[in-house]
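Structure, as structure tokens:
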Amino acid sequence: MSLFPVGHASDPNWRSAVEQVVQQLRGQLLRLSPQQKQQPYRLGLAYVSQKLAPHAQQLLALLARELPQVTDWAGGSGHAVLAMEHEYTEDSSLAVMLLDVPAAHYRVYSGVAPLAMLGAEAGFEAHSALVHSSIDQTDLAELLLELSERTTSGNLFGALGAEDGVQFACRAEDLPRLRAEAAVGVFHAGFSGVAFDSDVGCFSRMAQGCAPLGAGIEITEARGPMLLELEGEPALPRLLQLLDVEASSSAGGGWQAALSELRKTLAAIAPLGRGLERGALTDEAQVLHIVGLDPVRQGVALSASVEPDNTVIFCQRQSHAARHELMQMGAALKDALQPDFADAAPETVTEQQAPLYIRGAIYMSSKGRGSELFGGDDAELKLLRHALGPVPLIGLVTEAQLMDARVHQLAGVLTVFTGKQP
């Protein structure tokens, strides 16, 4: 097994960007050993900047013609394209990764070729799924839950693009029409992506870059996005008490001082009694913006609806916490690839117990991360590279990120594909 080939480029001319990417991929494929070439690279993942969305159909068709060994395509668009340790914030950018996963072990799905229910397709059972959709998708939570139930693990990872974004999803049977530039393989709504069976090793982890301000608090009353009561007390005074500010005309700046602190504060929602572990947010916590206050009802308005009998954990974004969390995420993924030798003598280690290595990675980040949180161009990806090593990586900066069946708006979701050491 080898590392997944990756090509990436930015060019005002989208055709030139495609040509540069294709040349890079061809060069990497030529350098493969005869043994590494035994399994063809059938699956292509393509991520483009939002500026290239109007050219999506022609772009995908050109990729399909120039890389004829690739029989299935998936991907989408975002605010920026991530590739290796570089964040392309330029207008016209493209990144492609090729995977040599055998065709029997994955399925490209879309609105015209939905992922089958478990047990409905002989010879294939989805274990996890890469998901692309849009931020304005109706009934999003319900549809994500339904999609997760079509996998054995419930592991969904991916991103939600902008309302005017695109998704790529072309299966082998549609490839001839795509190469002829027929209107296939490009979608503007719904869900698409790739489902993998349990023989494809992949692990996902998430970082949110938020430092909790205290313990979780039970939500005892909420209406839509409005928090009204926390542990039986009005929500707004409880939050101001936590922030150690007062919202009165006689107290140190009054509402202005309170609003200054509130602008830096976020609300993480989790199942009751959960969401925090060792002083950090867990993957169950969904971080929401505080978008308004209601002095009359003493409420706190959030960026999405919430339900009573959940926990709210107020938190703030901190660069130091974000860097530490990202390094921890990388270390945790690397640890997960190591077998447990605690009770085994070295001479008894089998091939199945041999350490795994990362063949490629997909990273979905949010607009509020990157240089804004990590303090410099490409700083987030360079930190990831330091944690993981020089592994092939592509991804997007998007409106929201997906982890399991939950939507996160300020997260970084990292998925690595693994293989046995050659």
Side-chain angles (χ1 to χ4, degrees), residues 4-29 40-83 86 88-99 108-113 130-136 158-194 362 394-399:
F4 294 153
V6 166
H8 52 98
S10 179
D11 196 290
N13 185 318
W14 67 267
R15 292 182 183 274
S16 296
V18 171
E19 290 170 1
Q20 293 174 53
V21 166
V22 168
Q23 289 176 2
Q24 294 170 36
L25 293 171
R26 285 175 177 167
Q28 294 170 55
L29 292 172
Y41 287 83
R42 299 178 182 275
L43 177 60
L45 300 180
Y47 290 127
V48 303
S49 60
Q50 200 61 39
K51 184 70 174 292
L52 293 183
H55 307 289
Q57 192 69 66
Q58 295 168 289
L59 185 151
L60 187 60
L62 183 56
L63 281 173
R65 289 194 298 270
E66 295 295 320
L67 297 167
Q69 69 272 46
V70 179
T71 60
D72 298 275
W73 287 94
S77 64
H79 296 286
V81 172
L82 309 178
H86 186 59
Y88 284 101
T89 55
E90 296 88 352
D91 286 340
S92 302
S93 49
L94 164 69
V96 174
M97 176 183 284
L98 304 183
L99 289 70
V108 172
Y109 66 90
S110 65
V112 298
L130 169 62
V131 181
H132 305 121
S133 188
S134 58
I135 193 68
D136 60 338
L160 304 179
E163 296 179 12
D164 56 348
V166 296
Q167 303 167 39
F168 300 129
C170 183
R171 303 174 80 162
E173 53 264 37
D174 292 322
L175 201 57
R177 296 174 58 216
L178 173 64
R179 288 172 176 157
E181 296 197 13
V184 296
V186 176
F187 299 86
H188 299 273
F191 289 86
S192 66
V194 188
I362 298 172
I394 65 170
L396 289 171
V397 175
T398 63
E399 296 285 344

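Everything numeric in this text was worked out from a predicted model, so none of it was measured.
Side-chain atoms of Arg15 do not come within 3.5 Å of backbone N or O of Leu62 as any donor-acceptor pair. A donor-acceptor contact shorter than 3.5 Å links the side chain of Ser49 to the backbone of Ser93. Listed for the Glu163 side chain is no donor-acceptor partner under 3.5 Å among the backbone atoms of Ile135. The closest donor-acceptor contact from the side chain of Gln167 to the backbone of Gly75 lies at 3.5 Å or more, if one exists at all. In this structure, Asp72 contributes its side chain and Ala172 its backbone to a donor-acceptor pair below 3.5 Å. Ser134 places no side-chain N or O within 3.5 Å of a backbone atom of Leu160 that could act as its donor or acceptor partner. Side chain of Arg26 to backbone of Glu66: a donor-acceptor contact under 3.5 angstrom is found.
Here OH of Tyr109 is found 6.5 Å from CG of Leu130. Values are rounded to the nearest 0.5 Å. Separating the CD atom in Gln20 from the CG atom in Leu25 is a distance of 12.0 Å, to the nearest 0.5 Å. A distance of 9.0 Å separates CG of Leu178 from CH2 of Trp73, quoted to the nearest 0.5 Å. Here the CG-CD distance, from Leu98 to Gln69, works out to 6.5 Å after rounding to the nearest 0.5 Å. Annotation: the span from Arg65 atom CZ to Leu175 atom CG amounts to 11.0 Å, rounded to 0.5 Å. Atom CZ of Phe187 sits about 12.0 Å away from atom OG of Ser133, to the nearest 0.5 Å.
Considering all non-hydrogen atoms of both residues, Pro68 and Arg179 come closest at O-NH2, 3.0 Å. Of all heavy-atom pairs between Ser10 and Tyr88, the closest is CB-CD2, 3.5 Å.
Applying the side chain to side chain donor-acceptor pair (under 3.5 Å) criterion to Glu399, with sequence neighbours excluded, gives His79.
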(request) Evaluate side-chain contact (heavy atoms from CB on, under 4.5 Å) for Ser92 paired with Leu52, printing each intermediate quantity in order. (result) CA-CA 6 Å; Ser92 302; Leu52 293 183; 3.8 Å; yes
(request) Please lay out, stage by stage, how Ile394 and His8 fare under the test side-chain contact (heavy atoms from CB on, under 4.5 Å). (result) CA-CA 9 Å; Ile394 65 170; His8 52 98; over 6 Å; no
(request) Go through the steps to decide whether Val112 and Asp174 satisfy the test side-chain contact (heavy atoms from CB on, under 4.5 Å), and finish with yes or no. (result) CA-CA 11 Å; Val112 298; Asp174 292 322; 5.6 Å; no
(request) Could you check Val108 against Leu43 for side-chain contact (heavy atoms from CB on, under 4.5 Å), going step by step and ending with a plain yes or no? (result) CA-CA 9 Å; Val108 172; Leu43 177 60; 4.1 Å; yes
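Here the options are Thr89, Leu82, Val81, the test is side-chain contact (heavy atoms from CB on, under 4.5 Å), and the partner is Val397; only Leu82 passes.
Between Tyr47 and His132, the ring-plane angle classifies as perpendicular under the 30° and 60° cut-offs.
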